[in-house]
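Naming: A, B, ... by sequence-line order, numbering from 1 per chain. Note that the structure is predicted; figures quoted are calculated from it, not measured.
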Amino acid sequence: MAAPLRAANKGGRGGGRIIRPLVESHFSPPAMQEKYQPNVIEQAAQAHWNATRAFNVAQDASKPPRPKYYCLSMFPYPSGKLHMGHVRNYTIGDVLTRWHKMRGFNVLQPMGWDAFGLPAENAAIQNKVPPAKWTYDNIAYMKQQLQSLGFGLDWERELATCKPEYYKWNQWLFLRMLEKGIAYKKTQVVNWDPVDQTVLANEQVIEGRGWRTGAPVEKREIPGYYLGITQYADELLSALDTLPGWPERVKLMQANWIGKSTGVRFAFPYTLDGEAGKLWVFTTRADTIMGVTFCAVAAEHPLATHAAKNNPELAAFIEECKHGSVMEADLATMEKKGMPTGIFVEHPLTRKQVEVWVGNYVLMSYGDGAVMGVPSHDERDFAFAKKYGLEIKQVISVAGQEFSLDGWQEWYADKQNGVCVNSGKYDGLGYEAAVDAIAADLATKNLGEKKVQFRLRDWGVSRQRYWGCPIPIIHCDVCGSVPVPDDQLPVVLPEDCVPDGSGNPLNKRADFLDCACPKCGKPAKRETDTMDTFVDSSWYYARYGVDAATRTANDQMVDAGTQYWMPVDQYIGGIEHAILHLLYSRFWTKVMRDVGLVKQDEPFANLLTQGMVLNHIFSRRTDKGGIEYFSPEEVELVRNEAGHVTGATLKANGSSIDYGGVGTMSKSKRNGVDPQHLIEQHGADTARFFMMFASPPEQTLEWSDSGVEGAYRFMKRVWAFGHALKNQTTSGEAGGLRREIHLLLKQANYDLGKLQFNTVASACMKMLNALEKAPADPHAKEGFGILLRVLSPIAPHIAHALWIELDYGPDILQAEWPEPLEAALVQDEVELVLQVNGKLRGSIKVKVGADRTAIEAAALAHEMAQKFMEGKSAKKVVVVPGRLVNIVV
RNA sequence: GCCGGGAUGGUGAAAUUGGUAGACACAAGGGACUUAAAAUCCCUCGGCCGCAAGGCUGUACGGGUUCGAUUCCCGUUCCCGGCACCA
């Protein structure tokens with residue numbers, strides 16, 4: 001799929017595959033331009049990297065082998081244009097790539113396209129263009145944008161997930177998962193638009209209504225395939241400890257998401273229409289079991305269905321529950337409603353009758369679809385009981401606290417300090433003892449036991465969408481659901497469909513649908529559901545690693561090349577992927593390991609989660625109740641006295657629209673900023689430098705282009721200094737320049753290790769400031785050489801050009817990364833801050849290695865110390881070596 | 001609502017994460033050069049008091065620990081990300 005490699009933008013060279021030159025190409029125009037011309041030097045540098053195949057890599061054959069470094073940025077969704085978040089993401093990756101390359105690593109940095117997905121179908125509906133064409137056009141444009149930014153990418157490894165040669169292996173591994181019982185079929189709950197007769201994504205539901213039709217959305221249960229990620233829950237949780245290179249916050253979020261909890265699953269027995277049954281529930285608070293005053297079941301629960309048969313009011317309520325949202329955030333914030341079923345179950349320990357309610361907050365898909373109600377010690381149950389006048393019985397007490405029915409208090413739910421009361425034989429027991437005793441008693445009655453439960457749910461992968469990877473199943477009237485045999489893979493998605501919003505167009509494609517049953521040979525139908533696009537992105541990092549031969553033959557999913565490059569040494573991507581994508585990828589790697597495809601347990605050794613790039617969001621309600629978004633260029637801001645944005649008007653007609661605050665740049669909210677203008681105006685180096693300088697990578701960044709000028713000015717100054725240095729013939733006295741440069745280098749190397757690139761950029765600026773102050777210093781040439789190398793990962797084009805111009809060497813990429821010289825850093829005196837009672841009062845200079853007594857004496861003798869001690873004697877003198885002296889009086 | 005993160009000058013930020021708050025830049029103001037503009041260069045730039053020297057104060061807000069807190073602890077507010085079909 002990768003386009004033939006061309007020497008970018010060099011007219012005379014284009015057209016064919018470039019053969020690796022025998023002699024190192026050497027960019028050297030006749031005379032150095034005085035003026036900084038980014039477009040000229042950037043094209044030349046990029047042509048050089050292409051011609052020398054600087055970033056096309058393979059398994060290392062040198063002896064001794066160089067260490068490998070696999071640097072990967074999350075691949076983009078081809079939404080149309082790059083936005084600033086992409087520039088940030090890929091510049092970070094490129095800085096690390098170039099830095100490691102200069103430090104002697106064999107570095108792979110690939111790129112590809114997360115090419116299936118909903119926006120392509122939306123564009124198809126709007127423009128009547130097949131999603132495939134829209135997607136491929138976007139890829140072509142965005143690829144050219146990436147290339148113009150000068151990223152050191154191995155384009156020969158480019159992949160797009162919408163290509164059959166890629167998604168063939170989604171299908172192949174899915175079949176392996178079916179064989180191993182990891183993939184299975186069950187019902188799933190989806191958003192259903194009754195007018196368009198189609199399944200809606202959560203994003204397409206606006207305040208409970210379909211985004212196009214405005215019709216109230218219904219919940220609908222349909223069959224779908226699931227991947228048993230919960231089978232790996234324990235390993236996914238415990239293996240977080242094997243990832244020291246991951247941010248703590250991400251590991252914490254994943255641990256909370258997996259949500260391992262030990263509790264008790266137990267049953268309330270009942271007799272209904274003469275038949276005995278058990279209502280199963282799960283709780284982490286079995287110690288409060290004596291406080292149960294009701295049970296609540298989901299609207300879809302069999303007991304609810306049974307009770308509704310002769311109760312139209314309840315039937316109506318259940319129907320109402322089915323119109324709610326399927327999203328957890330909505331469920332957690334909606335008004336909790338319920339209705340009694342008239343069915344009573346028996347408390348397993350007290351044998352008291354407990355009424356069963358239907359609750360809109362209980363989900364059929366969580367556990368057993370039923371919960372116990374303990375209003376006294378659960379905040380939600382408390383509110384529910386107050387609302388419907390249910391009994392509230394205190395069964396936990398905390399010393400010194402008074403229980404009151406007037407309102408909820410935090411301590412009611414305290415596990416740590418509470419003991420059981422009003423609980424018969426369990427009175428006086430603490431949390432753990434009570435849970436153990438109660439679980440034991442339930443077990444003897446055969447009505448329950450301790451159970452480990454996970455919050456994590458299995459991964460539903462079926463989507464009723466066209467633009468995705470077909471699920472390789474054939475439906476036969478005789479044989480049922482039959483897997484497509486391996487030798488018939490891939491099941492190829494036709495690329496010429498144009499969705500119209502009324503459901504999956506594959507259902508109308510006889511040439512796709514009709515097939516023969518692989519088992520019995522009779523006419524059968526293909527499955528038209530496609531896979532969640534998270535499947536595509538769960539293993540692409542492994543595919544990039546395959547050797548050229550495997551890319552050509554496509555006879556295996558991964559190969560020895562994958563084994564060589566894996567795991568990814570540095571993965572870089574937005575914090576928004578902290579849970580889903582990263583967890584699915586970890587799961588997928590473990591499945592591939594268990595199928596024998598890879599040896600690694602984990603895909604990503606080190607993770608950098610970059611902060612989001614935010615921009616203003618402007619929207620307006622449509623007459624159908626949907627939302628349309630406006631890009632920031634289309635609007636005029638309205639501000640209050642404090643200068644804060646409060647609203648906006650459309651430039652086109654002055655009509656006022658809604659201001660939605662700031663949010664992450666996205667296609668759907670139309671608030672992305674295209675970097676193209678910036679690149680054309682100031683060049684790729686300025687865009688990259690500005691992006692790195694703006695803030696540390698992990699921090700959220702509100703977009704503003706103020707500061708771009710400063711980055712551009714810096715590039716011009718670097719160029720001008722290089723030009724002057726080249727023509728300089730005389731040299732003067734040595735001053736402090738060398739020490740200053742090496743100190744800044746030490747700082748920059750330290751910051752690079754911390755992945756804090758904004759201060760690396762400012763170290764470059766400080767180096768130039770120092771050089772400009774001492775241009776005739778005999779160490780200016782050495783210093784400028786250090787500056788160019790430190791700058792080169794961030795602004796590689798200008799560094800490349802000046803490195804050659806000033807004759808430092810043929811190729812800065814081949815240069816060694818600079819290390820500070822200890823000899824250049826030594827000094828014989830240090831300055832210590834002088835404080836009196838913690839307040840800054842001056843400074844003292846002492847010899848390096850001066851002892852404590854000497855420092856104390858110097859400090860106490862200082863004029864300012866005398867003044868602020870006001871004649872009192874020092875109670876204590878704190879000396880922090882190399883930093884400060886604090887006199888406490 | 002739950003989970004995670006954040007808040008420092010007019011703005012982006014720095015402070016080797018318990019030791020000089022505001023490095024490096026942007027914007028603004030003043031000046032030099034120029035017929036003029038652009039570009040470039042120099043100076044000022046948290047707040048309050050002061051002619052100045054200098055002093056007080058200041059890292060979202062309220063407490064606490066410490067000789068010393070942007071950094072650690074407790075509480076509050078606001079903002080951002082995620083919440084399983086946006087990717």
For A:Tyr584, which of A:Tyr232, A:Phe534, A:Tyr540 qualifies under ring-ring contact (aromatic ring centres under 6.0 Å, His included)? A:Phe534
Looking at every strand, decide which applies to A:Leu118 at a 4.0 Å heavy-atom threshold: base, sugar-phosphate, or nothing. sugar-phosphate
Please measure how far the P atom in B:U77 lies from the corresponding atom in B:G62, and state the result in whole Å. 15 Å
Suppose you measure atom P in B:C2 against the same atom in B:U17; what distance do you get, rounded to whole Å? 34 Å
On a whole-Å scale, what distance lies between the C1' atoms belonging to B:G9 and B:G29? 16 Å
Heavy atoms only, 4.0 Å cut-off, all strands: where does A:Asp114 land among base, sugar-phosphate and nothing? sugar-phosphate
Quote, to the nearest angstrom, the P distance that separates B:A69 from B:U57. 12 Å
Over all strands shown, is A:His577 touching base, sugar-phosphate only, or nothing at heavy-atom distances under 4.0 angstrom? base
Which residues pass the side chain to side chain donor-acceptor pair (under 3.5 Å) test with A:Ser695, sequence neighbours left out? A:Arg88
Regarding A:Thr664, tell me which of base, sugar-phosphate or nothing describes its non-hydrogen contacts under 4.0 Å with the strands shown. sugar-phosphate
Does A:Arg852 pair with A:Glu856 as a salt bridge, N-O distance under 4.0 Å? yes
Scan A:Thr333 against the nucleic acid and name what it touches under 4.0 Å (heavy atoms): base, sugar-phosphate only, or nothing. base
Does NZ or CZ of A:Lys186 come closer than 6.0 Å to the centre of the six-membered ring of A:Tyr226, within 45° of the ring's axis? yes
Under 4.0 angstrom, heavy atoms only, what part of the nucleic acid is A:Pro696 near: base, sugar-phosphate, or nothing? sugar-phosphate
Just to verify, what does A:Glu328 make a salt bridge (Lys or Arg N to Asp or Glu O under 4.0 Å) with, not counting sequence neighbours? A:Arg455
Specify the residues of residues 829-837 of chain A, ordered by number, for which at least one heavy atom lies under 4.0 angstrom from an atom of RNA chain B. A:Val833, A:Gln835
If you write RNA chain B from 5' to 3' in dot-bracket form, with Watson-Crick or G-U pairs under 3.5 Å, [ ] for crossing pairs and | for pairs with another strand, what do you get? (((((((..(((......[....))).(((((.......))))).((((....))))..(((((..]....))))))))))))....
Identify whether any heavy atom of A:Met327 sits under 4.0 Å from a base atom; if not, whether one sits that close to sugar-phosphate; answer base, sugar-phosphate or nothing. sugar-phosphate
Which part of the nucleic acid, if any, lies within contact of A:Gln756, taking any heavy atom under 4.0 Å across all strands shown: a base, the sugar-phosphate backbone alone, or nothing? sugar-phosphate
5'-most contact on RNA chain B (nearest-nucleotide basis), A:Arg841 vs A:Glu203, goes to A:Arg841
Test of ring centre spacing under 6.0 Å for A:Trp459 and A:Tyr225: no
Could you measure between the two C1' atoms, the one in B:C3 and the one in B:C56, and give it in whole Å? 44 Å
Look at all strands and tell whether A:Gly663 reaches a base, only sugar-phosphate, or nothing, counting heavy atoms closer than 4.0 Å. sugar-phosphate
Could I get the full list of side chain to side chain donor-acceptor pair (under 3.5 Å) partners for A:Lys219, not counting sequence neighbours? none
Between residues 757-764 of chain A and RNA chain B, which residues have a heavy-atom gap below 4.0 Å? A:Asn758, A:Thr759, A:Ser762
Assign A:Arg455 to base, sugar-phosphate, or nothing according to its heavy-atom contacts below 4.0 angstrom with the strands shown. base
State whether A:Phe868 and A:Arg841 meet the cation-pi test: NZ (Lys) or CZ (Arg) under 6.0 Å from the six-membered ring centroid, and within 45° of the perpendicular axis. yes
Tell me, with the steps shown, if A:Ser261 and A:Gln453 meet side-chain hydrogen bond (donor to acceptor under 3.5 Å, both in side chains). CA-CA 5 Å; A:Ser261 61; A:Gln453 171 136 325; over 6 Å; no
So what does A:Lys875 touch, heavy atoms closer than 4.0 Å: a base, only the sugar-phosphate, or nothing? nothing
According to ring pair (Phe, Tyr, Trp, His ring centres under 6.0 Å), who are the partners of A:Tyr412, at least two apart in sequence or on a separate chain? A:Phe403, A:Trp408
Say we look at B:C74 and B:G22: how far apart would their P atoms be, to the nearest angstrom? 29 Å
Would B:G50 be called syn or anti, given that syn covers angles within 90° of 0? anti
Counterpart residues, side chain to side chain contact (heavy atoms under 4.5 Å, CB included), relative to A:Ala711 (two or more places apart): A:Thr686, A:Phe689, A:Phe690
With sugar-phosphate meaning primed atoms plus P, OP1 and OP2, does A:Glu698 contact a base, only sugar-phosphate, or nothing at under 4.0 Å between heavy atoms? nothing
Sticking with atom P, work out how far B:G10 lies from B:A60, rounded to a whole angstrom. 13 Å
Interface limits on RNA chain B, where chain A has a heavy atom under 4.0 Å of a nucleotide atom: B:G1 to B:A87
Is the shortest distance from a Lys or Arg side-chain nitrogen in A:Arg717 or A:Glu772 to a carboxylate oxygen in the other one below 4.0 Å? yes
Select base, sugar-phosphate, or nothing to describe what A:Phe534 touches, counting heavy atoms under 4.0 Å on all strands. base
What contact category does A:Val662 fall into here, base, sugar-phosphate, or nothing, at under 4.0 angstrom with non-hydrogen atoms? sugar-phosphate
Indicate yes or no: does A:Arg463 engage A:Asp529 in a salt bridge with an N to O separation below 4.0 Å. no
List in chain and number order the residues that pass ring pair (Phe, Tyr, Trp, His ring centres under 6.0 Å) with A:Tyr712, two or more places apart in sequence or in another chain; answer none if no residue qualifies. A:His682
Position toward the 5' end of RNA chain B (nearest nucleotide), A:Phe868 or A:Asp458: A:Phe868
C1' spacing across the pair B:U16 / B:G31, given as an integer number of angstrom: 38 Å
Can you list everything that forms a side chain to side chain contact (heavy atoms under 4.5 Å, CB included) with A:Asp378? Sequence neighbours excluded, please. A:Arg380, A:Asp381
Go through the structure and list residues passing side chain to side chain contact (heavy atoms under 4.5 Å, CB included) with A:Val362, not counting sequence neighbours. A:Ala296, A:Ala298, A:Val371
